[in-house]
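For the numbers below, each heavy atom of this structure counts, side chains included, while hydrogens, waters and symmetry mates do not.
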Amino acid sequence: MTVLLGCIADDFTGATDLAGMLVKAGMRTVQLIGVPGGPPPDNVDAIVIALKSRTNPASEAVDESLAALRWLQQAGCQQFYAKYCSTFDSTPQGNIGPVADALMDALGTDFTIACPAFPANGRTIYKGYLFVGNELLNESGMRNHPLTPMHDASLVRVLQQQVSGKVGLADYSVVAQGTDAIAARFDELRAQGHRYAIVDAVSNQDLMAIGAACADLPLVTGGSGIALGLPENFRRRGLLDAHTVADRLPATGGRRAVIAGSCSMATQQQVAAMRAVAPAFHVDPLQLARGDDVVATALAWAEANLGQQPILVYATATPETVRAVQVQLGVERAGTLVEVALAAIAQGLVRLGVGQLIVAGGETAGAVVKALGISGLIIGPEIDPGVPWTAVLHDHRSDKSSATPLALALKSGNFGSEDFFIKAWACLP
């Protein structure tokens with residue numbers, strides 16, 4: 001069967017988030033890590049290629065995204081999706097805009113949308129302004145993000161700084177009228193010479209209507225929310241079975257662990273909740289900078305504490321602590337030290353028999369997945385909105401086909417309820 005939807009995500013947790021939404025909407029979906037070297041998997045409706053390009057230099061992000069697009073085109077995909085964070089994480093120069101421009105040029109299209117809304121996780125857009133819960137983006141915790149602090153909630157202004165064409169708005173007065181009105185507004189903006197439309201959305205119903213209005217767009221850009229409305233377009237054309245069960249995972253087992261690298265407010269709360277009930281080990285970047293063998297110490301601690309209950313290894317800290325460390329070490333060095341250490345700890349945990357692993361934070365997830373040599377993931381049941389369990393495709397730990405696969409939950413730093421690390425295990429088959 002032809003792959004229907006080809007997706008390019010700018011980080012690993014965002015890719016899993018998107019893949020989970022597609023599975024929830026009935027599309028059999030796999031997540032591939034980086035641009036594959038071989039043919040696409042069989043019996044899938046959607047493929048999500050996970051890149052680690054959110055904070056790369058823009059030229060690198062563009063090159064990687066175009067390589068992913070070429071592979072997805074060769075796989076026969078009928079529509080394409082550029083996925084970024086629901087908080088529109090970027091710098092004034094990119095990478096959202098430059099990547100979108102390049103993909104549009106490669107596809108020969110002159111119009112697309114930008115809609116990072118994800119109401120189930122409190123990300124809504126009204127009059128072009130992005131809200132996180134009840135706060136404007138620039139007044140939320142995202143103003144303190146260590147890599148991509150967001151200081152403007154106007155998505156029209158933010159995107160306009162990054163792209164070559166005009167950015168317009170399909171505001172809520174249009175969206176509330178439904179699919180036909182949204183599509184008419186797209187036509188109007190295109191006729192006026194706009195290359196992009198920021199689209200308001202405050203509910204899943206809005207996302208469904210917007211998705212339907214995007215049926216004929218070669219490229220859609222947004223967070224994972226718009227994915228709710230796209231599968232139905234393929235069903236209406238008789239290309240997608242209405243009765244497919246898409247979220248089945250093979251049985252998994254082994255010990256359980258959490259690795260948390262994100263310093264977002266949500267992950268801070270999740271770490272605090274788990275520390276109250278489970279063994280926890282803190283990774284200190286200043287110790288790493290001094291040359292202390294933190295990885296060996298963490299793994300010795302883990303071996304002594306792994307048992308019936310999950311364990312937690314975390315570098316999560318408050319914004320004040322993060323800033324103090326960055327002043328001493330520099331932003332890039334501090335981040336790299338932690339990523340490398342957590343990735344090495346993940347490798348050690350798997351060797352110690354961890355078969356069910358949660359990783360929190362997009363940069364951390366990218367480092368862990370690469371360190372484990374994972375090439376793809378099967379998407380399974382949702383734990384919380386935007387965060388499914390997955391199982392490793394072609395498990396890297398054994399050449400035996402009967403090997404129990406490694407279960408992974410790759411969680412965006414800002415996602416999940418306070419008890420996420422505690423309740424997630426109950427969702428596994």
Side-chain angles (χ1 to χ4, degrees), residues 18 21 79 81-90 92 96-97 99-101 103-104 109-140 142-143 150-230 232-233 385-386:
L18 172 58
M21 298 296 281
Q79 188 176 39
Y81 193 126
K83 196 275 177 191
Y84 38 77
C85 188
S86 61
T87 47
F88 218 63
D89 288 24
S90 57
I96 294 171
V99 166
D101 270 350
L103 294 176
M104 290 178 72
T109 185
D110 63 353
F111 183 81
T112 189
I113 71 162
C115 182
F118 193 170
N121 274 332
R123 279 61 164 171
T124 55
I125 307 169
Y126 185 73
K127 298 296 183 182
Y129 288 83
L130 180 57
F131 288 79
V132 178
N134 294 320
E135 298 177 312
L136 285 165
L137 175 66
N138 57 299
E139 296 174 0
S140 73
M142 284 304 299
R143 68 185 183 278
M150 299 304 292
H151 301 301
D152 190 351
S154 169
L155 299 188
V156 173
R157 280 198 299 262
V158 171
L159 187 58
Q160 189 65 78
Q161 294 179 75
Q162 300 181 17
V163 297
S164 59
K166 290 169 62 178
V167 180
L169 174 65
D171 73 12
Y172 196 70
S173 66
V174 171
V175 173
Q177 297 177 55
T179 297
D180 290 345
I182 298 168
R185 177 59 174 162
F186 292 170
D187 290 340
E188 180 182 18
L189 288 169
R190 175 184 268 154
Q192 294 171 354
H194 290 87
R195 188 170 166 89
Y196 294 91
I198 300 296
V199 188
D200 283 357
V202 300
S203 70
N204 283 352
Q205 182 178 349
D206 297 335
L207 296 177
M208 295 295 290
I210 296 165
C214 293
D216 296 325
L217 294 182
L219 175 70
V220 177
T221 90
S224 62
I226 294 295
L228 283 174
L230 297 181
E232 195 58 36
N233 296 333

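- Closest of all the heavy-atom pairs between Met150 and Asp89 is SD-CA, 4.1 Å.
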Show me the side-chain donor-acceptor pairs of residues 175-182 shorter than 3.5 Å, one per line, residues at least two apart or across chains.
residue	atom	partner	partner atom	Å
Gln177	NE2	Ser173	O	2.9
Thr179	OG1	Ala209	O	3.1

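- In this structure, Val167 and Arg195 have side chains that are not in contact, with every pair of non-hydrogen atoms separated by 4.5 Å or more.
- Between Lys83 atom NZ and Leu18 atom CG the span is 7.0 Å, to the nearest 0.5 Å.
- Ile198 and Gly128 get closest at one heavy-atom pair: CG2-CA, 4.3 Å.
- The CZ atom of Arg123 lies 8.0 Å from the OG atom of Ser140; values are rounded to the nearest 0.5 Å.
- For the residue pair Arg185 and Ala170, the shortest heavy atom distance occurs at CG-CB, 3.7 Å.
- The side-chain heavy atoms of Phe131 and Ile125, taken from C-beta on, include no pair separated by under 4.5 Å.
- No side-chain donor-acceptor contact under 3.5 Å links Asp171 to the backbone of Lys127.
- Separation of atoms CG (Leu207) and OG1 (Thr124) is listed at 10.5 Å; rounding is to 0.5 Å.
- Only one option out of Asp101, Leu189, Leu169, Leu155 pairs with Tyr196 in a side-chain contact (heavy atoms from CB on, under 4.5 Å); it is Asp101.
- Contact check for Thr109 versus Met104: side-chain heavy atoms found under the 4.5 Å cut-off.
- Rounding to the nearest 0.5 Å gives a distance of 11.5 Å between CD1 of Ile226 and CZ of Phe118.
- Side-chain contact check for Asp152 versus Asn138: every heavy-atom pair is 4.5 Å or farther apart.
- Within the 3.5 Å criterion, the main-chain N or O of Tyr172 finds a donor-acceptor partner in the side chain of Asp200.
- The minimum heavy-atom distance between Gln162 and Ser90, with the atom names listed, is NE2-OG, 3.1 Å.
- Taking all atoms of both residues into account, the shortest heavy-atom contact from Val156 to Gly168 is CG2-O, 4.1 Å.
- Within the 4.5 Å cutoff, no side-chain heavy atoms of Leu219 are placed close to those of Tyr81.
- The ring-ring contact (aromatic ring centres under 6.0 Å, His included) test applied to Tyr84 returns Phe88, not counting sequence neighbours.
- Taking every heavy atom of both residues into account, Ala82 and Leu103 meet most closely at CB-CD1, 3.8 Å.
- Looking at Asn233, its side chain does come within 3.5 Å of a backbone N or O of Gly211 through a donor-acceptor pair.
- Contact of the Leu159 side chain with the Ile96 side chain is registered, since non-hydrogen atoms from C-beta on lie closer than 4.5 Å.
- When side chains are defined from C-beta on, Ser86 does not count as touching Asn121, because their heavy atoms never get closer than 4.5 Å.
- More than 12 non-hydrogen atoms from other residues, nucleotides or ligands lie less than 6.0 angstrom from CD of Glu232.
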